[in-house]
Amino acid sequence: VSLQHIYSQIGIVSTMESHKPGMFGLASLSEFADRASGVIGNETWEDDLDGLYRSYLHYRLAEQQYVPNNSGRTAAFRITRSPGGGQILQHEAEYYLVKNTQH
Amino acid sequence: LNTFLTLFGHIAFDVLFGWSLLTLRQNKRTLLETALAAVLVGMYAETGLAALLLYAGVSLSASGLITGAMMIVTGAAAYFFGGRHQPRFTWDNVKWFEWVSLLLIAETVLFSAWQLTRTPTYFADALQHWSGRARALYGGVNWSFAPHSPFFMGAQQGSNNYPLLVVVWRALAAELAGGWNDTVSRADGLIFFIVIVGTVWLAVRRFSGIRWLAAASAAVVATVPLHAWHAAAGYSDIAVEAFTVCALAAILRHEWFLAGILAAGSLWSKNDGLFLYLPGLLAAAALINWRKLGYFFAGLATISPWLIFNAFYGLGTTSGHSQLGWHSEAPRLMWKALVTSSTSSILWIGITVCVICCGSAMAANVPGRGLLAAFTISFAAILFVFSFSNSFEFLRDQTTFHRTMMQFSATAILIAAYGLSLRLDR
């Protein structure tokens, strides 16, 4: 049983190393978050993502001031899949960084 | 490289502090047993002290500096004015079956190290409750100790009633490394894995004196399939497992105060420690020597600042509302999870058979009775929680249940090995 697990782990390493970074469904969000982090700087941000995508975004941007959705305040930037109005500063895969106009 | 060097220095600091306290009194521990317990004692003391300062409104960096200074002063005082009862060092030539076990352990360590260096932090609970909150604490802007703040205890990242051992340790590790990265966010898992495997190996060697049984037990622990992931996942379950099995090993060495401290560390790692493992540890300590329970409780009392803080702010210990009620699908799902699922392989079949076959021998032996009670109570607590509470949903989706069984695996393997040692001794 142990040898079977070792064999499967070797397979995982081999597959991941040959396909990296495309193996992660979060790769595009990761690159987006890194670039968005530079744009947001010391300003504030908010988002409307959900599930694992929200968790991943909040982890990546945990050191930058977040504005909770129900706080009654508007952040300087919004991260969304549906940009609507506002100035789009960055777009990668399905993610948009939008400058909130009413801020 | 800088990250690994600072992490090594951080752990070495914790070990030195733990060592200075563990050698204050006469003891029968070996050098390796002392080192493994010292890792956990050091991490527990460091994060506990820093959390006290954080509750009082001191910044993370100041808390880290003050805690470090207090640990240096205490450690130096313990060394110069204490008993200086250094543990004994023994060395035996490594036998071939021990090499096999070491190779299996090394493979898991290598696989975990590969994950730490080549993959990002991506498991959901690590992103939220553990590394997510740790990074928020490190960053300072999305964390607050003010109860009315939306950021209270990292509430925007994850559950704010989860205890802080790995959260504070990772935040302080990032301070030392000069920044956050995905290695800092998960590396403690590998340390806990090594502590778990080493503790089981040495404990079985101590109580049985059978080298192949000790090596085999360590190999079984190392090859529990989920360990290879949890050593680098960034979750707290492996921390609960390390503190719990180390506490049980301390009980078997009759180190009651240390066992209490390590049980407290289990509670400080995740709330599971309080409900699932503390009752079993208490039963073991009581059945082995109830007269020493006071020492156990004295060590356990070191967790009281967190319990008081938690109670004062009404944080609670469960996520969401908790309703009790029987879930009729539970037995079928548990059978699937424990018997037919590949997640634990044949582990639980083997352990159950072992405990049943060795049950009578264990019941006739004082430590055996304690261990049998610990096994029964913890296993029953797990089955109860996942059959009668809202946690049933985590059995239904086959997620947290497997993690909980992993938390229990090292303790269960240690207990099964004790039973086997009694049978082999006849």
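Every chain is numbered from 1 and lettered A, B, ... according to where its sequence line falls, protein lines coming before strand lines. Note: hydrogens, waters and symmetry copies are ignored here, and every other heavy atom, side chains too, is used.
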K.L.:
Testing the basics here: between A:H5 and B:S345, what is the closest heavy-atom pair and its distance to 0.1 Å?
P.N.:
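Reported closest heavy-atom pair: NE2-CB, 4.4 Å.
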K.L.:
Counting only heavy atoms not in A:Y53 (residues, nucleotides, ligands), do more than 12 fall under 6.0 Å from its OH?
P.N.:
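Incorrect, the count does not exceed 12.
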K.L.:
Which residue out of A:S55, A:S30, A:S8, A:G51 racks up the most heavy-atom pairs below 4.5 Å with chain B?
P.N.:
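The residue among A:S55, A:S30, A:S8, A:G51 with the greatest pair count is A:S55.
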K.L.:
On a heavy-atom basis, which atom in B:N142 and which in A:L61 lie closest, and how many Å separate them?
P.N.:
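Taking B:N142 first and A:L61 second, the nearest heavy atoms are ND2-O, 3.9 Å.
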K.L.:
Please find the pair of heavy atoms, one from A:L52 and one from B:Y122, that lie closest to each other, and give the distance.
P.N.:
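Answer, listing the atom of A:L52 first, then B:Y122: CD1-O, 4.0 Å.
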K.L.:
Tell me, for B:Q156 versus chain A, whether the close heavy atoms (under 4.5 Å) come from the side chain, the backbone, both or neither.
P.N.:
both
K.L.:
Tell me, out of B:P150, B:S131, B:A126, B:A134, who's got the most heavy-atom pairs with chain A below 4.5 Å.
P.N.:
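Ranked by contacts with chain A, first place is B:S131.
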K.L.:
How close do A:Y59 and B:Q157 get, counting heavy atoms only, and between which atoms?
P.N.:
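Minimum heavy-atom contact is N-NE2, 4.0 Å.
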K.L.:
For the candidates A:R54, A:Q9, A:H58, which exhibits the highest count of non-hydrogen atom pairs separated by less than 4.5 Å from chain B?
P.N.:
A:Q9
K.L.:
Given a strict heavy-atom distance threshold of 4.5 Å, which part of B:W130 is in contact with chain A: side chain, backbone, both, or neither?
P.N.:
neither
K.L.:
Rounded to the nearest 0.5 Å, how far apart are CD1 of A:I12 and CH2 of B:W229?
P.N.:
3.5 Å
K.L.:
Might you confirm whether atom CG of B:N2 has over 12 heavy atoms from other residues, nucleotides or ligands at distances under 6.0 Å?
P.N.:
yes
K.L.:
Given the rule in the side-chain contact (heavy atoms from CB on, under 4.5 Å) test, do A:M16 and B:R118 qualify, once you have shown the distances and angles that lead to the verdict?
P.N.:
CA-CA 9 Å; A:M16 296 278 277; B:R118 302 290 290 167; over 6 Å; no
K.L.:
For A:R60, is it the side chain, the backbone, both, or neither that has a heavy atom closer than 4.5 Å to a heavy atom of chain B?
P.N.:
both
K.L.:
Between B:L110, B:L104, B:D182, B:T108, which has the largest tally of heavy atom pairs under 4.5 Å with chain A?
P.N.:
B:D182
